[in-house]
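To start, the structure itself, in structure tokens.
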Amino acid sequence: MATLVRIAELNQWIGQAVELRGWVHGRRSGGKIVFLLVRDGSGVVQCVVEASNPDAFEPATQIGHESSVIVEGSVRADPRAPGGVELAVSTLRVVQAVDNYPIARKAHGVDFLMRHRHLWIRSPRQCAILRIRDTVIRTIHEFFAARGFVRVDTPIIVPGAAEGTTTLFQLDYFGEPAFLTQTGQLYLEAAAMALGRVYCFGPTFRAEKSKTRRHLTEFWMLEPEIAWTDLDGVMDLAEALVSELVARVLQQHRSDLELLGRDVAPLEQVRPPFPRITYSDAVELLRSPATHSRLREELERHCAQLAAHQRRLAELEARWSATPKGWVQDRLAQEIQELREEIAHLGQELETRALHIEAASSFEWGQDLGGDEETILARLFDRPVMVTRYPRAVKAFYMKTDPADPRVVLNVDVLAPEGYGEIIGGSQREDDADRLIERMREQGLDPAVYDWYIDLRRYGTVPHGGFGLGLERFLAWVCGLRHIREAIPFPRLMGRIYP
RNA sequence: UCCGGUGUAGCGCAGUGGUAGCGCAGGUGACUGUUAAUCACUUGGUCGCAGGUUCGAAUCCUGCCACCGGAGCCA
């Protein structure tokens with residue numbers, strides 16, 4: 001009786017008989033020999049079935065992708081096998097033979113893949129992302145446990161909004177209006193006054209009608225909240241967390257990152273200290289001639305890149321005409337199309353880039369930083385940049401006004417490099433009841449609704465603060481994903497709730 | 001909500017007014033070391049839907065629907 005082994009551990013079993021349970025990921029045949037690629041969730045291995053073993057050979061020539069199988073055989077090292085190890089099959093038991101598995105190892109469109117997300121997650125790339133996601137989540141819990149934080153689960157059904165109700169999903173709660181939470185923060189502040197250092201980590205919901213590569217309607221957010229701290233304390237924590245998460249992914253997922261095609265060089269730069277600038281610094285940067293010459297240099301680099309793309313396009317088109325029909329030519333056609341899109345995109349960007357430089361130079365203090373401004377700022381640094389002290393008017397009511405400059409609040413946004421945008425938003429909280437109420441009125445909110453929250457400032461108020469980290473945005477950055485939808489097993493997007 | 005794009009076989013695409021095509025997948029056969037194997041043969045279509053223009057529409061026009069990307073908003 002062979003031992004049941006997972007494929008990831010197969011190289012420890014060379015020369016021995018083992019049993020694998022998994023799914024057929026690919027099949028190639030050559031007359032009197034069949035190569036089955038079998039995956040079991042831990043890895044993929046080539047299983048060799050020879051015609052001299054007809055009981056195994058007959059079914060092996062028939063079964064399709066994703067058939068479930070139990071194989072026994074002996075493990076051997078072979079340089080011809082992908083991964084260097086293969087299984088010489090002695091018995092093959094087909095648990096279910098599959099015909100016409102919808103997802104092949106080839107190009108598919110976004111819509112098709114999203115409608116088959118329940119099957120798409122079996123693909124190597126999706127598995128790699130989900131493994132990294134698991135490591136990030138696990139590391140988050142370890143990070144906070146090691147620092148004496150208590151995990152507190154905040155409610156998902158809430159009576160009102162933290163920042164206005166327009167972007168919330170509404171429910172009928174026994175005849176009363178209720179909403180799906182968009183943040184656990186207010187409840188977390190209550191918990192911080194009980195336990196000192198707390199965090200929550202769960203799904204949050206936004207009904208924003210955003211159809212972009214950065215938005216989900218349901219996403220997971222990590223929110224720590226600390227009593228007896230100030231803005232610097234919040235920033236130190238955010239910096240330590242991001243650095244540790246990136247380091248852990250680099251340490252444990254080299255092969256996954258490689259599979260994803262992620263350039264790890266920018267990630268290796270992610271070590272403390274992160275640059276810390278104020279919003280006013282950021283405005284100066286946006287307006288400064290030095291930044292503009294940098295942006296113009298970048299513009300020239302983009303022009304050069306565009307020219308290079310066009311040369312490559314010509315070369316690909318020439319190769320396409322010279323290639324016989326078949327999947328190789330098909331793949332070329334696909335590359336050509338992607339390149340054309342890239343060229344169109346670059347061309348469009350070049351047109352608007354000059355405008356952006358103009359817009360940046362005329363950026364007025366008091367405006368909120370938009371996506372373009374954030375991208376420009378993030379490009380000026382080689383690691384995440386922390387931008388603090390935004391104008392009070394563009395930020396939430398619970399953020400503490402800076403005693404040194406009442407025009408601004410003690411907040412921080414952490415911008416990821418490489419154009420991935422804001423991954424963390426946090427602040428020191430307003431800890432004075434009267435000023436909090438004043439801020440609510442300023443923003444047209446009814447203090448009576450938040451009476452319990454104001455209580456926290458009436459009974460032993462202390463300086464405190466915290467932040468929120470969007471898990472999927474963080475993963476999109478670390479994994480180098482084009483779209484956030486790949487960072488969560490079953491994405492919820494505007495107009496998409498199946499499967 | 002606004003702007004732009006796409007909709008042709010199960011999947012990826014070509015087809016700009018005159019007989020509906022290619023590749024992959026599926027099926028049949030050949031091949032004892034394949035790496036998305038290869039080769040031969042082969043099944044498969046209400047050209048998103050509804051109107052209109054025309055002798056004739058996948059192709060032109062109008063409306064609608066679906067999806068994608070971006071803006072606003074945000075993590």
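Chain naming here is simple, since letters A, B, ... match the order of the sequence lines and numbering starts at 1 in each. The figures here come from the full heavy-atom set of this structure, side chains too, leaving out hydrogens, waters and symmetry mates.
A donor-acceptor pair is defined here as one N or O able to donate and one able to accept, closer than 3.5 Å; no such pair exists between the side chain of A/E486 and the backbone of A/C479. Using modelled atom types, no side-chain atom of A/S68 and backbone atom of A/V95 make a donor-acceptor pair closer than 3.5 Å. A/S42 contributes a side-chain N or O that, together with a main-chain N or O of A/I7, makes up a donor-acceptor pair within less than 3.5 Å.
Partners of A/A128 by side-chain contact (heavy atoms from CB on, under 4.5 Å), not counting sequence neighbours, listed by chain and number: A/R131, A/D256, A/L259, A/L260. Qualifying side-chain contact (heavy atoms from CB on, under 4.5 Å) partners for A/A51, counting only residues two or more places apart in sequence or in other chains: A/K32, A/F57. Scanning for ring pair (Phe, Tyr, Trp, His ring centres under 6.0 Å) contacts around A/W120 gives an empty result, with sequence neighbours left out. Residues that satisfy the side-chain contact (heavy atoms from CB on, under 4.5 Å) test with A/I33, not counting sequence neighbours, are A/F35, A/V48, A/E50. The salt bridge (charged side-chain N to carboxylate O under 4.0 Å, His left out) search around A/E239 returns A/R276, not counting sequence neighbours. Residues that satisfy the salt bridge (charged side-chain N to carboxylate O under 4.0 Å, His left out) test with A/R76, not counting sequence neighbours, are A/E86. A/D40 is linked by a salt bridge (charged side-chain N to carboxylate O under 4.0 Å, His left out) to nothing, counting only residues two or more places apart in sequence or in another chain. Judged as a salt bridge (charged side-chain N to carboxylate O under 4.0 Å, His left out), and not counting sequence neighbours, the contacts of A/R248 are A/E142, A/E244.
Residues A/R392 and A/E442 are paired through a salt bridge, judged by an N-O separation under 4.0 Å between the basic side chain and the carboxylate.
At a threshold of 4.0 angstrom between heavy atoms, the contacts of A/D78 include nucleobase atoms, whether or not backbone atoms are also involved. Across all strands, A/H65 comes closer than 4.0 Å to no nucleic acid atom at all (heavy-atom distances). Residue A/S29 is classed as a base contact, given a heavy-atom separation below 4.0 Å to a base.
Here the nucleotide nearest the side chain of A/H215, chosen from B/G26, B/A75, B/G33, is B/A75. Which of B/G33, B/A75, B/U34 sits closest to the side chain of A/I484 comes down to B/A75. Nearest to the side chain of A/L216, among B/A75, B/G26, B/G33, sits B/A75. Of the listed nucleotides (B/G33, B/U32, B/G10), B/G10 has the atom at the smallest distance from the side chain of A/F112.
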I'd like a table of atom pairs between the protein and nucleotides 63-70 of chain B - only N or O on both sides, under 3.5 Å - with the distance next to each one.
residue : atom : partner : partner atom : Å
B/C67   : OP1  : A/G495  : O            : 3.2
B/C67   : O3'  : A/R496  : NH2          : 3.0
B/C68   : OP1  : A/R496  : NH2          : 3.2
B/G69   : OP1  : A/H483  : NE2          : 3.2
B/G69   : OP1  : A/R485  : NH1          : 3.0
B/G69   : OP1  : A/R485  : NH2          : 3.1
B/G69   : O3'  : A/R213  : NH2          : 3.4
B/G70   : OP1  : A/R213  : NE           : 2.2
B/G70   : OP1  : A/R213  : NH2          : 3.2
B/G70   : OP2  : A/R213  : N            : 2.9
B/G70   : N7   : A/K211  : O            : 3.3

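No donor-acceptor contact under 3.5 Å links the side chain of A/T167 to the base of B/C73.
Figure legend. B/C39 is base-paired to B/G29; pairs are counted as Watson-Crick or G-U wobble with both atom distances under 3.5 Å. B/C73 makes up no base pair with any nucleotide shown, lacking Watson-Crick or G-U wobble contacts both under 3.5 Å. Nucleotide B/G21 has B/C13 as its partner under the Watson-Crick or G-U criteria, with both atom distances under 3.5 Å.
The only member of A/R492, A/R206, A/E472 that meets side-chain contact (heavy atoms from CB on, under 4.5 Å) when paired with A/E218 is A/R492.
Nucleotides B/A20 and B/U46 are separated by 13 Å at their C1' atoms, to the nearest Å.
Spacing between atom NE2 of A/H116 and atom C1' of B/C11 amounts to 9 Å, rounded to whole angstrom units. Regarding A/I424, its CD1 atom lies at a distance of 15 Å from the C1' atom of B/C74, rounded to whole Å.
Between A/F35 and B/G33, no base-stacking contact is recorded for ring centres under 5.5 Å apart and planes less than 30° from parallel.
Remark: nothing in residues 235-242 of chain A comes within less than 4.0 Å of RNA chain B through any heavy atom. Of all the residues in residues 470-477 of chain A, A/R473 reach under 4.0 Å from RNA chain B with at least one non-hydrogen atom. Near-neighbour residues of RNA chain B inside residues 82-90 of chain A, defined by a heavy atom below 4.0 Å, number-ordered: A/P82, A/E86.
The aromatic rings of A/Y279 and A/W365 lie perpendicular to each other, with more than 60° between the two planes, well past the 30° mark.
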